[in-house]
Amino acid sequence: MRDFAYHRAATLDEARQHAAAPGTALLAGGTSLLDLAKCRVAQPERVADLTRLPGLEEIRAEEGGLHLGALVRMARAARHPALRAACPAAAEALALSASAQIRNMATLGGNLLQKTRCAYYRDPANFAACNRRSPGSGCAAHGGATHNHALLGGSAACIATYPGDFAVALAAFDAVVETGTRWMPVADFFLLPGDTPQREFALEPGEVITALCIPDSAAARRSTYLKLRDRASYEFASISVAAGLALGADGRIADLRLALGGVATIPWRLRAVEAALIGEIPTPALLREASALAMRGAAPREDNRHKLALAPRLVHRAIEQLLQGEAA
Ligand code: SF4
């Protein structure tokens with residue numbers, strides 16, 4: 001690991017000044033930064049420590065939604081009664097992420113900004129070609145092993161999967177990212193790779209995430225997060241789904257929110273499945289038909305083709321589970 005200068009930001013303005021300086025890495029929980037430094041993907045000239053910034057560790061109900069400070073630790077958020085009541089899917093997504101040790105250290109803001117697990121991205125010593133790490137160098141994953149690469153949202157430049165869980169729940173429930181100067185819907189926060197995969201988030205230089213807000217909704221209050229992975233714990237999603245549902249008094253689906261993780265370059269909202277079911281009586285045949293839309297537009301590769309069948313099944317299971325909960 002190369003030497004770097006260390007600064008502790010005492011105020012948000014100081015943090016923004018550091019964030020605007022090229023070659024600066026921001027330190028919150030540090031779990032992701034240390035990981036990337038060890039594999040020599042992150043080699044910052046300066047590290048700006050945000051951990052002592054005041055006022056970013058609050059969880060509070062506000063008019064219209066739940067406010068989560070960017071420095072709240074994942075483990076604390078996962079067990080917090082306010083989050084568990086407002087959006088069980090988000091709490092479950094956090095609880096199913098990483099290991100207990102990492103959840104105790106990692107922050108919500110940092111979790112959103114985590115980097116892909118693409119093995120080529122994380123191995124610069126052996127794979128020079130990675131447009132995300134070195135723009136214009138190519139993509140070693142095209143033609144390589146793609147077991148966990150994206151089927152949705154990829155481009156000729158990059159097919160790396162977004163690895164997080166929490167952001168999948170945020171995408172499903174139209175959460176908002178706050179920077180203290182502006183508010184961005186999560187749908188606008190994550191950027192498709194296109195020709196510029198090195199630009200993953202819509203943050204401008206000098207912008208720092210200060211909080212996240214999950215708008216109040218009946219679907220968020222009745223929600224769940226299901227995660228399939230290659231081993232039972234401490235593993236990233238092979239496929240995950242955040243789902244929330246509200247039934248009308250007439251038995252029709254009044255609201256439905258769905259997003260997939262593990263299959264796309266960004267948290268992937270399932271608008272087509274939602275549109276096929278909202279306003280309808282959820283019969284078994286309609287559920288099957290609508291769930292099949294989950295992977296519409298997918299571009300599978302030999303190693304990840306199995307997800308074409310698995311993802312609709314997981315979506316179907318999540319909706320059924322929520323319907324059974326409504327009936328109980
Ligand atoms: Fe790099 Fe993206 Fe290709 Fe992986 S998929 S090697 S992150 S450009």
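All ligand and atom numbering here is 1-based and tracks the order in the structure. Below, all heavy atoms of this structure are taken into account, side chains as well, without hydrogens, waters or symmetry copies.
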*Nearest to atom 1 (Fe) of ligand 1, what protein heavy atom do you find, and at what distance?*
C130 SG, 2.3 Å

*Would you kindly check if the NZ (Lys) or CZ (Arg) of R8 is within the cone defined by 45 degrees around the ring axis of Y6 and under 6.0 Å from the six-membered ring centre?*
no

*What protein heavy atom sits nearest atom 2 (Fe) of ligand 1, and how far off is it?*
C158 SG, 2.4 Å

*asked:* Taking N, O or S atoms only and a limit of 2.8 Å, check whether C118 reaches atom 1 (Fe) of ligand 1.
replied: no

_Shortest protein heavy-atom distance from atom 3 (Fe) of ligand 1, along with the residue and atom involved_ = C139 SG, 2.3 Å

*Would you kindly say whether D303 and H149 are connected by a side-chain donor-acceptor distance under 3.5 Å?*
no

*salt_bridge(R221, D216) N-O dist < 4.0 Å*: yes

*Are D250 and R252 within salt-bridge range, i.e. N to O under 4.0 Å?*
yes

_Separation of I253 CD1 from L277 CG (nearest 0.5 Å)_ = 4.5 Å

*asked:* Closer than 4.0 Å to some heavy atom of Y121 - which atoms of ligand 1 meet that?
replied: 7 (S)

*Using a 4.0 Å heavy-atom cut-off, say whether P193 meets ligand 1 through its side chain, its backbone, both or neither.*
neither

*At the 4.0 Å heavy-atom cut-off, does A157 count as touching ligand 1?*
yes

*Distance-only side-chain donor-acceptor flag, E92 / T224, under 3.5 Å*: yes

*asked:* Show the atoms of ligand 1 that are less than 4.0 angstrom away from any heavy atom in Y120.
replied: 6 (S)

